[in-house]
Structures are given as C-alpha cells and as structure tokens.
Amino acid sequence: MAMTRQQAWDLLTQYNKETFHLRHAITVEHVMGWYADQLGYGADKEFWSVVGLLHDLDFEQWPEEHCKKSQELMRQAGVEESIVRATASHGWGICVDIKPEHEMEKALFASDELTGLIGAAALMRPSKSVADMELKSLKKKFKDKKFAAGCSREVISDGAALLGWELDKLLDMTLKAMQGEEDAIEEAVRSI
Ligand SMILES: [Fe+2]
C-alpha cells in the first residue's frame, strides 16, 4: 500500500527534530511534487512528494551512514521498496551505489543540492525570498564556487546530465518550482 504524507511525516519526525533538516525535507517534498506535475506524473504526485520528504531520513542522526541507515530505518517501518530505493539513489556515487533510474529518482538527485543553493541565494536578498530571483542571478551564484560551497556543483551538473537536460534548464525549472511552492513551503514550516 502506498505511504501517505502523514505516515511519511510521522516517520520523518521520529528521527528528525531540527528545523533546518525539517525545512529541507519539506522544501524537497514540494519541489518533487511540482516536478511530478510538470513532467507528466501528476497521478503519482504523492509518491514523488513522499520520496522528497523522506530522502534525508537518516542525515540528522547518522550522517556517516547516509543513505544506508535510512534503508534500514525504512524497512523496519515497513516502507515500500520503491521508496527505499528511490530515496537511497540520491546518494549515488557519494555514499551508495544505487543509480537513479526512474525519472523521479533523477529529479531528486538533480534538485536536492540545488534547492540548498537556491535557498542560500534567497537569504542574500533583501526580500529573503525566491519570488524576485532571476535565473541570471542564480547562474552567477552557481558559478561562484565560494558561495554556498557545501552545495556540490558537480552533483547538480551530474543530475542535469542524468535527466538529459542542459544545466540552465535544471536551474530554471528548480527555481520555478521553488517560486511556485514558496508559500506552501513557508506555511508547512510554520506548522512544524
Ligand atoms: Fe537532501
């Protein structure tokens, strides 16, 4: 049986307490939901969103076992294998050897680090918002390797290649996703 958002949230908050991590989970949840609609997978939107919500399940408590411990935690909780696999595949080439195959897995791999970069860029703006951010300024932040150095440009570029997209398309789409979802993300973060 498919996992509901509420079940995923309960599992997430069992192992994640810090707002920083919960905000990231919620952000990727919404970006993945946006991508599901955008890429023609609207019928599977909740599945895409749940994968986004749970993708870093183990990171707050077990950063050294990232994408490995999460598989154990999910199986223990009876989470379906497609979610276990999809979430773990975002650590491909970094902490696990599970390659993103499904378009959903590729979208997760490509957008995860990028949402961090876009979020950091938003905080630099007077508005503290993505609403008035232009692709041009995001491209500049992407090229400035010293800015949000923890967000791997290599992973983002590899993600675009997995999707078969130019880097600019990935930046543009993910920026649009975060703009479209910003209000919903902020509302969800407020109700943590
Ligand atoms: Fe993440």
Side-chain angles (χ1 to χ4, degrees), residues 3-5 8-9 12 16 19-57 59 67 70 82-83 86-92 94 100 102-123 125 127-135 137-139 141-142 148 150-153 155-192:
M3 193 176 202
T4 65
R5 203 268 174 186
W9 179 255
L12 179 74
N16 290 265
T19 307
F20 174 83
H21 294 293
L22 294 172
R23 170 183 277 279
H24 175 65
I26 288 168
T27 302
V28 177
E29 173 195 16
H30 282 264
V31 166
M32 287 297 285
W34 185 92
Y35 266 120
D37 278 337
Q38 204 61 219
L39 301 177
Y41 296 88
D44 296 327
K45 185 172 182 171
E46 188 161 36
F47 179 55
W48 285 52
S49 302
V50 160
V51 167
L53 191 62
L54 290 177
H55 80 283
D56 278 339
L57 181 67
F59 195 64
C67 295
S70 60
S82 52
I83 295 178
T87 49
S89 74
H90 89 277
W92 174 60
I94 308 156
H102 189 287
E103 200 162 11
M104 174 258 295
E105 296 171 343
K106 295 175 183 174
L108 173 65
F109 186 94
S111 61
D112 175 27
E113 295 272 316
L114 181 51
T115 63
L117 181 71
I118 295 172
L123 289 178
R125 308 178 71 75
S127 64
K128 306 273 186 244
S129 165
V130 287
D132 56 352
M133 190 186 297
E134 286 178 16
L135 178 60
S137 98
L138 176 58
K139 282 162 74 173
K141 297 288 189 209
F142 183 91
C151 298
S152 168
R153 287 9 181 217
V155 167
I156 297 169
S157 299
D158 288 351
L162 276 174
L163 283 162
W165 296 355
E166 295 292 331
L167 176 64
D168 281 6
K169 178 177 175 181
L170 176 66
L171 298 182
D172 183 42
M173 296 269 282
T174 308
L175 177 58
K176 287 198 171 87
M178 287 185 69
Q179 287 169 334
E181 296 296 320
E182 184 168 54
D183 290 348
I185 290 168
E186 291 309 322
E187 198 190 318
V189 170
R190 273 195 302 274
S191 64
I192 287 172

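Bear in mind that the values here come from a model prediction, so they are computed numbers and not experimental data. Just the heavy atoms: all of them, side chains too, but no hydrogens, waters or symmetry mates, feed the values below.
- Across every non-hydrogen atom of M178 and G119, the tightest pair is CE-N, 4.1 Å.
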Practice task
Report the C-alpha separation of Y41 and E103 in whole Å, then their side-chain angles, then the decisive distance to 0.1 Å, and conclude whether the side-chain contact (heavy atoms from CB on, under 4.5 Å) test is met.
Solution key: CA-CA 10 Å; Y41 296 88; E103 200 162 11; 2.8 Å; yes
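- E187 has its side chain within reach of R190: a pair of non-hydrogen atoms, C-beta onward, lies under 4.5 Å apart.
- Note: W48 and H102 have perpendicular aromatic rings, judged against thresholds of 30 and 60 degrees for the angle between ring planes.
- The distance from the CZ atom of F59 to the OG atom of S70 is 11.5 Å, given to the nearest 0.5 Å.
- In this structure the side chain of H21 never reaches within 4.5 angstrom of the side chain of D56, judged on heavy atoms.
- A distance of 9.5 Å separates OG1 of T27 from CD of E182, quoted to the nearest 0.5 Å.
- Scanning all heavy atoms of the two residues, the minimum distance from C151 to E113 falls at CA-OE1, 3.3 Å.
- In this structure, G33 and S49 approach most closely via the heavy-atom pair CA-OG, 3.5 Å.
- Between Q179 and W34, every side-chain heavy-atom pair lies at or beyond the 4.5 Å cut-off.
- Nearest heavy atom pair, residue A8 against residue L54, reads O-CD2, 3.4 Å.
- Residues V50 and I83 have side chains in contact (heavy-atom distance under 4.5 Å, counting atoms from C-beta outward).
- At least one side-chain heavy atom of I26 sits under 4.5 Å from a side-chain heavy atom of I192.
- Contact record, A110 with A160: CB-N, 4.2 Å, taken as the closest heavy-atom pair.
- For the atom pair CG (L12) and CG (N16), the distance works out to 4.5 Å, reported to the nearest 0.5 Å.
- In this structure, L123 CG and I118 CD1 are separated by 12.5 Å, a value rounded to the nearest 0.5 Å.
- Annotation: the span from L117 atom CG to L175 atom CG amounts to 10.5 Å, rounded to 0.5 Å.
- Here the straight-line distance linking atom OG1 of T115 with atom NE2 of H30 works out to 12.5 Å at 0.5 Å rounding.
- Side-chain contact between V155 and W92 is absent, with no heavy atoms from C-beta onward closer than 4.5 Å.
- Between Y35 and W165, the ring planes lie tilted relative to each other; the angle falls in the 30° to 60° range.
- Summarising the local packing, CD of E166 is surrounded by 12 or fewer heavy atoms from other residues, nucleotides or ligands at distances under 6.0 Å.
- At a threshold of 4.5 Å between non-hydrogen side-chain atoms, the residues K169 and L163 do not count as touching.
- A distance-only check finds no donor-acceptor pair linking the side chain of S137 to the backbone of M133 [under 3.5 Å].
- Under the side-chain hydrogen bond (donor to acceptor under 3.5 Å, both in side chains) test applied with H55, the options E105, H24, E29 reduce to a single match, H24.
- Nearest heavy-atom pair, S89 versus P100, reported as atom, atom and distance to 0.1 Å: O-CG, 3.5 Å.
- With hydrogens and angles ignored, the 3.5 Å screen pairs no side-chain donor or acceptor of E46 with any backbone N or O of T4.
- Paired with L39 under the rule side chain to side chain contact (heavy atoms under 4.5 Å, CB included), one option of M173, M104, K106 passes, and it is M173.
- At least one side-chain heavy atom of M32 sits under 4.5 Å from a side-chain heavy atom of L108.
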